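Just below is one structure, and these are the notes that go with it.
Chain letters run A, B, ... following the sequence lines, proteins first, then strands; residues in each count from 1. Since we're looking at a predicted model, the values are computed, not measured. Because only heavy atoms are used, hydrogens play no part in the values below, and waters and symmetry mates are left out as well, while side chains stay in.
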Amino acid sequence: MNFSELLILSWKAIVINKLRSFLTTLGVIIGVFSIILLVSIGSGLQGYITKEISSLGPNIIDVLPGNSLATAFGPGSSNKLILQDARNLKTRLISTAEVSPISETATNAKYKNILDKNIYVIGTTSNYPKTVISMKLAQGIFFTLGQEQSGSKVTVIGYTMYTKFFDKERAIGKKIFLGNQTYTVVGVAEKTGITLGVDHDNVAYVPIVVMHSQFGIDSITEIAVNANSESLVPVVKKQIKDTLLKRLTTDDFSIQTGDTLATTISNITNMLSLALGGIAAISLLVGGIGVANIMLVSVTERTKEIGLRKALGAKRSDILKQFLLEAVILSIGGGIIGIIFGLAASFTLSKFFVSQVTLWSVLLAFCFSAAVGIVFGMAPAIRASKLSPIEALRYE
Amino acid sequence: MKTTDDIIKMVDITKIYDSLDVKTVALSDIDLVVKRGDFIAITGRSGSGKSTLMHIIGLLDNPTSGKYVLNGTDVSKLAEDELAFQRNKEIGFVFQQFNLLPRSTAVENVILPAIYAGVGSKERTEKAVELLTELGLEDHLNKKPNQMSGGQQQRVTIARALMNDPELILADEPTGNLDIKSGDDVMKTLKALNKEGKTIVLITHEHDIAAQAKKIWHLEDGRLINKP
Ligand SMILES: Nc1ncnc2c1ncn2[C@@H]1O[C@H](COP(=O)(O)OP(=O)(O)O)[C@@H](O)[C@H]1O
Ligand SMILES: [Mg+2]
């Protein structure tokens with residue numbers, strides 16, 4: 001028998017029992033679907049984070065508490081960075097560098113009878129817009145050095161807060177509650193948007209000293225440094241390190257620049273992609289066992305057909321090829337359906353979450369499903385090919 | 001053409017079924033010669049060894065010992081795939097249970113032996129249509145087995161047996177599942193084929209069916225007895 005004849009034969013056997021064939025492939029469909037979708041989410045996440053980091057600009061240096069990204073984000077890391085460290089940096093670094101300490105906490109905010117229980121309060125210094133250049137004001141001004149030094153309760157609110165509390169009316173000069181204290185609004189920040197479910201505009205910037213005394217905080221979550229020139233970044237990094245080591249040990253802080261941060265995060269998300277793909281691959285394996293199972297049932301059911309074909313001259317290899325091809329068509333078919341649905345789901349998801357289809361995951365899923373067909377179709381096909389024609393003909 | 005006149009030449013064929021505790025001698029010391037163009041019947045009571053002999057003649061099973069030459073080829077010690085090749089080339093089977101593929105049409109069933117012989121698609125379909133037409137089934141070419149009567153199904157089986165032009169037709173109780181009229185038709189067809197030169201081996205337990213053959217052999221407890 002030549003290949004096209006075998007193909008027709010296997011195809012006929014598949015369409016004769018459409019429902020069962022579909023159920024057989026369901027496991028493969030789900031497995032391939034999950035591979036495509038989960039890998040897409042993994043690489044989407046990676047692409048997103050990389051983009052976010054590079055948008056900070058190449059001149060930004062971040063000083064974080066703890067000795068690595070993991071301990072900085074992890075629970076229970078003791079935070080030893082304090083405001084004095086930022087002050088020390090300001091005096092020791094080359095004069096062109098901007099240094100802004102940043103503290104964050106969540107609290108409630110109130111204006112007239114409108115209440116928001118989950119506002120992010122960011123304490124920083126008046127030079128913040130010069131350090132973090134992506135910060136732009138829609139109305140008013142950022143609080144001034146004078147206001148900061150006199151301990152004025154002034155705030156710059158994010159765009160979400162602005163629309164919620166003032167319904168796009170004039171906000172400058174109005175007094176709002178942050179926690180149990182009143183603050184005068186001096187500026188409104190431009191909209192930056194929602195990413196990964198976090199609204200970066202539901203925030204209020206206040207002078208860091210005021211914030212620390214109100215909320216009883218003395219550590220800081222980050223010191224942002226803008227070297228203001230890419231070529232100065234290594235020098236500034238060295239100066240930061242030397243300065244901080246006078247008071248702290250190397251375990252107490254880490255210095256991240258755009259590219260080192262990107263590398264670290266891309267390692268993490270790569271691992272995430274692999275882990276997600278691995279989980280999906282297991283489900284594909286389960287799908288393969290489903291194919292083997294149904295093929296074995298099919299061989300038993302078709303014992304008589306196999307015996308007849310052998311009696312009429314079919315060789316072992318003819319029967320083997322027929323059943324193997326059937327399993328491979330089933331699993332490749334399932335693979336193709338899974339790829340189509342996986343691509344559709346990835347594209348849909350990319351509209352409101354991060355998701356990015358990668359060619360390698362599609363190819364991998366396809367090859368994997370073909371391999372599943374061969375591996376799990378082999379045992380049933382061998383069993384079929386070994387049936388003795390008499391036994392098979394006698395079978396009822 | 002083969003040099004020998006013997007289609008079947010069996011010498012001392014024995015078949016012993018050896019299961020765990022019992023040893024069944026199904027056939028012992030069978031010597032059987034069937035000449036080209038002959039029409040023989042093999043009869044016997046149930047359990048006498050008819051099916052076993054038919055499986056060995058039909059190359060569906062190997063004898064335990066003895067020599068079997070089929071149309072000039074010693075087939076006693078052939079491997080499975082070589083037996084498949086010889087079966088496909090030399091023998092046309094007509095079964096009691098018809099053994100048609102239930103989801104395939106008459107034509108699709110008839111072409112099966114040609115598929116495994118590697119005959120091209122167009123050629124084999126033409127041949128199948130020709131055979132089915134000769135057997136009066138020209139209106140049933142694309143019918144499935146369950147859309148045909150028993151007699152019609154058995155004629156599809158005969159067409160299938162003739163597909164690769166074998167010299168030997170092996171019929172195992174071909175009338176067993178048929179009414180008298182259809183059974184008669186099948187016997188007429190077999191006799192006509194014999195006239196055209198086919199060698200026919202018919203296995204049956206019915207005496208009036210066996211009587212229509214040119215020669216009758218009788219099996220008793222695995223031994224072949226000539227009953228002229
Ligand atoms: N596969 C087998 N295993 C063991 N014994 C068998 C097998 N097939 C047939 N026999 C035995 O061989 C003898 C002949 O059986 P069989 O050829 O089927 O006779 P018949 O077809 O004339 O009824 C019987 O005793 C039967 O029980
Ligand atoms: Mg029998």
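Only the side chain of A:Glu5 comes within less than 4.5 Å of a heavy atom in chain B; its backbone stays farther off. Proximity to chain A is limited to the side chain of B:Glu108, based on heavy atoms less than 4.5 angstrom apart. Interface remark: A:Arg302 contributes no atoms to any contact with chain B (heavy atom separation under 4.5 Å). For a residue to count as touching a neighbouring chain, one of its non-hydrogen atoms must lie under 4.5 Å from one of that chain's; by this rule A:Ser4 does not touch chain B.
Sparse packing is recorded around NZ of B:Lys9, with 12 or fewer heavy atoms of other residues, nucleotides or ligands lying under 6.0 Å away.
Residues satisfying the side-chain hydrogen bond (donor to acceptor under 3.5 Å, both in side chains) criterion with B:Asp179, sequence neighbours excluded, are B:Ser182.
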Tell me, with the steps shown, if B:Asp61 and B:Lys15 meet salt bridge (charged side-chain N to carboxylate O under 4.0 Å, His left out). CA-CA 10 Å; B:Asp61 203 355; B:Lys15 178 72 182 180; 3.4 Å; yes
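In this structure the side chain of B:Arg160 reaches within 4.5 angstrom of the side chain of B:Thr157, judged on heavy atoms.
Between B:Asp165 and B:Lys198 there is a salt bridge, since a side-chain N of the basic residue sits under 4.0 Å from a carboxylate O of the acidic one.
The residue among B:Met163, B:Arg124, B:Glu82 with the most heavy atom pairs within less than 4.5 Å of chain A is B:Arg124.
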